[in-house]
Trainee: 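One structure follows; several queries about it will come next.
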Amino acid sequence: MDNMTRKGHTMPERDPSERISDFSEVALGIDEERAVSEAKRCLACKGRPCTAGCPVGVAIPEFLALVAQRKFGEAYETIRAANSLPAVTGRVCPQERQCEARCVRGRAGEPVAIGMLERFVADRHARSASPVPEEGKPCIPEDGKPCVAVVGSGPAGLACAGDLAAMGYAVTVFEALHVAGGVLVYGIPSFRLPKEVVAREIEDLAARGVRFVTDAVVGKTVTVRELLETYSAVFLGTGAGLPNFMHIPGENACGVFSANEYLTRINLMKAYEEDAETPVYPARHVAVVGGGNVAMDAARCARRMGAEVTVIYRRSEEDLPARREEIRHAKEEGIAFLCLSNPVEILTDGTAVRGVRCAVMEQGEADASGRRAPVQTDRTFELGADCVIMALGTSPNPLVVRSTPGLTAKPRGELITDEGGMTAIEGVFAGGDAVTGSATVILAMGAGKSAASAIDGYLKEKYGVRAASQT
Ligand code: FAD
Ligand code: SF4
Ligand code: SF4
């Protein structure tokens, strides 16, 4: 460590006036000199508090030391030992609440920019590596090798599939959509996470023998029980894609969308292209209801589609749950915030949205979350808008539970598992948002990895067999 500056290096970003007219990435990435200099700010603390703050336990001081020595390939391998999607997490992890929140350098200055360095190492590796995708391995139970079906190709499914493939199992991933990647492709916009980054990770898995079957809705195209007839174990990483609504008058009007639908139209179906087959509703003033990352993503997409945008949030501005960086970016891009406001009615012209009536909220006593509870007053005001996007959280889709006798779920749809991640059905495991409800990429990935290890243990115990690479 030889960089004692209190201020860390920052990520260069595109100018707001330029970036609001396209969907290209906002953060530009850093060069080698900046990366090495930032890594040299690390004190190599013995207790490794930063690693304790990382949900998957990345060996942070070790990878930073390797960056400082310009051993970028080894730094990549060090991160990959715990984290299968570093190019993704380096971009979207809430680092400021995780690894960087625990960094000792943050006590008297800025923490080491761990996420920025993780992204640098992963991107540098991607530029130097050229995986050659092979045909996916067919699943052939007759060869004695146990094979696993992974349902859902979000971070939980990808991490589970990657670890099982590395152990030598034949893995087939079933994905309902026509593209693999889960929220990473249909939810998080490309100006935060370019789609090539996710595609690279999927190509890498395919090159390592993982087979992907898209347009396969488990519960409709094939059931979990049917999968169990062919596969020795099943992992359910089906996420939490069912949007919540407010159930207020006017919510069924033309021009009201869930953030999931709006984002899917833009990110997956490329509604910003002129000849898009799945366009978005044309709107001049969009109101986005909610204050999390999903709300910020929807607001920033609507801005790029040419609308004036207002975010409506029922608590105070300090309570906005979105990442600080996303709130800053949204404000820089000209998005307005109406906090302590709660929609009570969507105003319509009989068919389409013309505005939102909101109640003024006040702050009450602290609630279970530790934040002051929003208390509704009888004062209201109207905001003009021709489109309203509801970004109020999501729940797991009930399709898999309803189509699988014996599978159990909580009242809001989260699948119930034992400590090892096995559901009420033997051989069927689950993890990620499908179990926890809407959470984060890194937590879903961690759940996928734990499930892979539990599935390995289960298959060994049940069948006494070993995967190909372990014999
Ligand atoms: P998902 O990513 O939801 O993947 C589940 C997959 O399963 C999907 O591809 C789905 O199509 C498929 N599927 C569902 N049902 C079936 C079925 N019956 N058959 C076959 N396939 C099925 N987290 C962060 O850490 N940082 C962020 O900045 C961030 N931003 C976000 C922005 C948005 C807009 C959203 C929606 C979420 C964001 N999150 C963020 C949360 C994070 O993306 C999720 O926690 C994470 O993706 C969950 O991973 P998962 O694998 O459990 O589920
Ligand atoms: Fe930090 Fe996320 Fe990387 Fe862990 S995975 S070191 S929390 S950026
Ligand atoms: Fe380095 Fe910060 Fe971790 Fe200490 S806490 S080892 S300074 S990254």
Side-chain angles (χ1 to χ4, degrees), residues 1 39 41-65 79 82-83 85-86 88-95 97-100 102-106 111-112 114-119 151-160 173-177 179-189 192-193 213-214 216-222 224 236-241 259-260 263 267 292-298 322-323 326 391 394 396-397 399-400 403 431-448:
M1 196 279 303
R41 295 183 63 235
C42 175
L43 303 169
C45 311
K46 273 210 180 108
R48 306 160 95 238
C50 45
T51 292
C54 169
V56 295
V58 167
I60 295 167
E62 289 79 0
F63 105 73
L64 293 178
I79 301 171
N83 172 358
L85 302 170
V88 173
T89 52
R91 286 173 164 85
V92 305
C93 242
Q95 295 114 9
R97 291 204 289 268
Q98 297 181 161
C99 53
E100 293 177 13
R102 307 277 190 99
C103 176
V104 168
R105 293 294 314 253
V112 177
I114 301 165
M116 184 172 84
L117 290 168
E118 187 167 287
R119 173 193 154 148
V151 184
S153 63
L158 295 179
C160 184
V173 178
F174 293 86
E175 168 56 51
L177 295 172
V179 181
V183 170
L184 307 181
V185 292
Y186 79 74
I188 303 181
R192 283 213 291 135
L193 177 62
V213 181
T214 51
V217 184
V218 171
K220 291 269 184 205
T221 322
V222 60
V224 172
L236 300 174
T238 42
N260 261 31
L263 289 168
N267 297 317
N293 285 329
V294 181
M296 296 308 124
D297 284 342
R323 293 187 64 192
E326 303 314 322
T394 51
N397 190 310
L399 174 64
V400 170
S403 60
D433 281 8
V435 170
T436 56
S438 190
T440 62
V441 169
I442 192 70
L443 286 172
M445 230 185 63

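Numbering of ligands and ligand atoms starts at 1, following listing order.
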Trainee: With heavy-atom distances below 4.0 Å as the criterion, list the atoms of ligand 1 near Gly154.
Mentor: 2 (O), 4 (O), 6 (C), 51 (O)

Trainee: For the backbone of Arg105 and the side chain of Arg41, can you confirm whether one donor and one acceptor N or O come within less than 3.5 Å of each other?
Mentor: no

Trainee: Heavy-atom pairs closer than 4.0 Å: do any link ligand 3 to the side chain of Pro49, the backbone, both, or neither?
Mentor: side chain

Trainee: Could you tell me which atoms of ligand 2, counted from 1 in the order shown, lie closer than 4.0 angstrom to a heavy atom of Asn83?
Mentor: 5 (S)

Trainee: At what distance is the nearest protein heavy atom to atom 34 (C) of ligand 1, and which residue and atom is it?
Mentor: Leu263 CD1, 3.4 Å

Trainee: For Val441, counting its heavy atoms only, list the atoms of ligand 1 lying under 4.0 Å from any of them.
Mentor: 23 (N), 24 (C), 25 (O), 42 (C), 43 (O), 45 (O)

Trainee: Hey, is Val400 touching ligand 1 through its side chain, its backbone, both or neither, going by heavy atoms under 4.0 Å?
Mentor: side chain

Trainee: Got a sec: is Cys54 within less than 2.8 Å of atom 1 (Fe) of ligand 2 via an N/O/S atom?
Mentor: no

Trainee: Would you confirm whether Glu100, through its side chain, and Ile114, through its main-chain N or O, come within 3.5 Å as a donor-acceptor pair?
Mentor: yes

Trainee: Output the list of atoms in ligand 1 that are nearer than 4.0 Å to some heavy atom of Val92, sorted by atom number.
Mentor: 24 (C), 25 (O), 26 (N), 27 (C), 28 (O)

Trainee: Indicate, as side chain, backbone, both or neither, the part of Ile60 found under 4.0 angstrom from ligand 2 when only non-hydrogen atoms are considered.
Mentor: side chain

Trainee: May I ask you to test the Val224-Val218 pair for a side-chain heavy-atom distance under 4.5 Å?
Mentor: yes

Trainee: Looking only at distance, does Gly181 have an N or O less than 3.5 Å from an N or O of ligand 1?
Mentor: no

Trainee: Do Cys50 and Pro61 have side-chain heavy atoms sitting under 4.5 Å apart?
Mentor: yes

Trainee: With backbone taken as N, CA, C and O and side chain as the heavy atoms from C-beta onward, which portion of Thr51 lies under 4.0 Å from ligand 3: side chain, backbone, both, or neither?
Mentor: neither

Trainee: Check whether any N or O atom of Gly432, backbone or side chain, sits under 3.5 Å from an N or O atom of ligand 1, and answer yes or no.
Mentor: no

Trainee: Taking only heavy atoms of Asp297 into account, list the atoms of ligand 1 that are under 4.0 Å away from them.
Mentor: 32 (C), 33 (C), 34 (C)

Trainee: Which one holds for Asn293 and ligand 1: side chain close, backbone close, both close, or neither close, with close meaning a heavy atom under 4.0 Å?
Mentor: side chain

Trainee: Considering heavy atoms of the protein only, find what lies nearest to atom 43 (O) of ligand 1 and give residue, atom and distance to 0.1 Å.
Mentor: Val183 CG1, 3.1 Å

Trainee: Between Thr394 and ligand 1, which residue portion shows a heavy-atom distance shorter than 4.0 Å: side chain, backbone, both, or neither?
Mentor: neither

Trainee: Just need the protein heavy atom nearest to atom 2 (Fe) of ligand 2, so name the residue and atom and give the distance.
Mentor: Cys93 SG, 2.4 Å

Trainee: Short question: side chain of Asn83, backbone of Ile79 - any donor-acceptor pair under 3.5 Å?
Mentor: no

Trainee: What about Asp433: any of its N or O atoms under 3.5 Å from an N or O on ligand 1?
Mentor: yes

Trainee: Quick check on contacts: which atoms of ligand 1 are under 4.0 angstrom from a heavy atom of Gly237?
Mentor: 5 (C), 6 (C), 7 (O)

Trainee: Does any non-hydrogen side-chain atom of Arg192 lie less than 4.5 Å from one of Glu326?
Mentor: yes

Trainee: Name the option, out of Val294, Thr440, Asn267, Leu184, that contains the heavy atom nearest to atom 33 (C) of ligand 1.
Mentor: Val294

Trainee: So Ile60 and Cys99, do their side chains get closer than 4.5 Å, heavy atoms only?
Mentor: yes

Trainee: Near Cys45, which atoms of ligand 3 are under 4.0 Å from a heavy atom of that residue?
Mentor: 4 (Fe), 5 (S), 6 (S), 7 (S)

Trainee: Check whether any side-chain heavy atom of Asn267 sits under 4.5 Å from a side-chain heavy atom of Tyr186, and report yes or no.
Mentor: no

Trainee: How far is atom 51 (O) of ligand 1 from its nearest protein heavy atom, and which residue and atom name does that atom have?
Mentor: Ala156 N, 2.9 Å

Trainee: May I ask you to check if any N/O/S atom from Cys42 comes under 2.8 Å of atom 4 (Fe) of ligand 3?
Mentor: no

Trainee: Where's the contact between Ala216 and ligand 1, heavy-atom distance under 4.0 Å: side chain, backbone, both or neither?
Mentor: backbone

Trainee: Among protein heavy atoms, which sits nearest to atom 41 (C) of ligand 1, and what does the distance come to when rounded to 0.1 Å?
Mentor: Ala439 O, 3.3 Å

Trainee: I need the nearest protein heavy-atom contact for atom 16 (C) of ligand 1: residue, atom name and distance, please.
Mentor: Thr238 CG2, 3.6 Å

Trainee: Quick check: do Arg323 and Met296 have side-chain heavy atoms less than 4.5 Å from each other?
Mentor: no

Trainee: Could you list the atoms of ligand 3 found under 4.0 angstrom from a heavy atom of Val104?
Mentor: 2 (Fe), 5 (S)

Trainee: Looking at side-chain heavy atoms only, is the closest gap between Val179 and Thr214 below 4.5 Å?
Mentor: no

Trainee: Judged on heavy-atom distance to atom 50 (P) of ligand 1, which of Gly241, Ser153, Gly182, Pro155 sits nearest?
Mentor: Pro155

Trainee: Where the side chain of Asp433 meets the backbone of Ala439, is there a donor-acceptor pair that is under 3.5 Å apart?
Mentor: yes

Trainee: At what distance is the nearest protein heavy atom to atom 21 (N) of ligand 1, and which residue and atom is it?
Mentor: Ala176 N, 3.1 Å

Trainee: Among all protein heavy atoms in this structure, tell me which lies nearest to atom 1 (Fe) of ligand 2, with the distance rounded to 0.1 Å.
Mentor: Cys99 SG, 2.3 Å

Trainee: Of all the atoms in Cys50, is at least one N, O or S atom closer to atom 1 (Fe) of ligand 3 than 2.8 Å?
Mentor: no

Trainee: Counting C-beta onward and ignoring hydrogens, is there a side-chain heavy-atom pair between Leu443 and Thr436 closer than 4.5 Å?
Mentor: no

Trainee: Give the atoms of ligand 3, by number and element, whose distance to some non-hydrogen atom of Pro61 is under 4.0 Å.
Mentor: 6 (S)

Trainee: Under a 4.0 Å heavy-atom limit, does Arg192 contact ligand 1 with its side chain, its backbone, both, or neither?
Mentor: side chain

Trainee: Going by the atom numbers of ligand 3, which of them fall below 4.0 Å from some non-hydrogen atom of Leu64?
Mentor: 8 (S)

Trainee: Which residue owns the protein heavy atom closest to atom 8 (S) of ligand 2, what's the atom, and how far is it?
Mentor: Gln95 CG, 3.4 Å

Trainee: Mind checking whether Ala444 has an N or O less than 3.5 Å away from an N or O of ligand 1?
Mentor: no

Trainee: Specify the protein heavy atom at minimum distance from atom 7 (S) of ligand 2: its residue, its atom name, and the distance to 0.1 Å.
Mentor: Gln98 NE2, 3.2 Å

Trainee: Run the numbers on Val183 and Val441 for side chain to side chain contact (heavy atoms under 4.5 Å, CB included), then give the verdict.
Mentor: CA-CA 9 Å; Val183 170; Val441 169; over 6 Å; no

Trainee: Keeping the roles fixed (side chain from Asn397, backbone from Thr238), state whether a donor-acceptor pair exists under 3.5 Å.
Mentor: no

Trainee: Side chain or backbone of Asn397 under 4.0 Å from ligand 1, or both, or neither, by non-hydrogen atoms?
Mentor: neither

Trainee: Under 4.0 Å from a heavy atom of Val217: which atoms of ligand 1 are those, numbered in the order shown and with their elements?
Mentor: 19 (N)

Trainee: Looking at Ile188, which atoms of ligand 1 are within less than 4.0 Å of one of its heavy atoms?
Mentor: 29 (C), 30 (N), 31 (C), 32 (C)

Trainee: Before giving the answer on side chain to side chain contact (heavy atoms under 4.5 Å, CB included), spell out for Met116 and Gln95 the whole-Å C-alpha distance, their side-chain angles and the decisive distance to 0.1 Å.
Mentor: CA-CA 9 Å; Met116 184 172 84; Gln95 295 114 9; over 6 Å; no

Trainee: Return the residue, atom name and 0.1 Å-rounded distance of the protein heavy atom closest to atom 19 (N) of ligand 1.
Mentor: Val218 N, 2.9 Å

Trainee: What's the shortest distance from atom 9 (O) of ligand 1 to any protein heavy atom, and which residue and atom give it?
Mentor: Glu175 OE1, 2.6 Å

Trainee: Can you sort out which atoms of ligand 1 are near Gly239, meaning under 4.0 Å from one of its heavy atoms?
Mentor: 3 (O), 5 (C), 52 (O), 53 (O)

Trainee: In the protein, which heavy atom is nearest to atom 6 (S) of ligand 2, and how far is it?
Mentor: Glu118 OE1, 3.4 Å

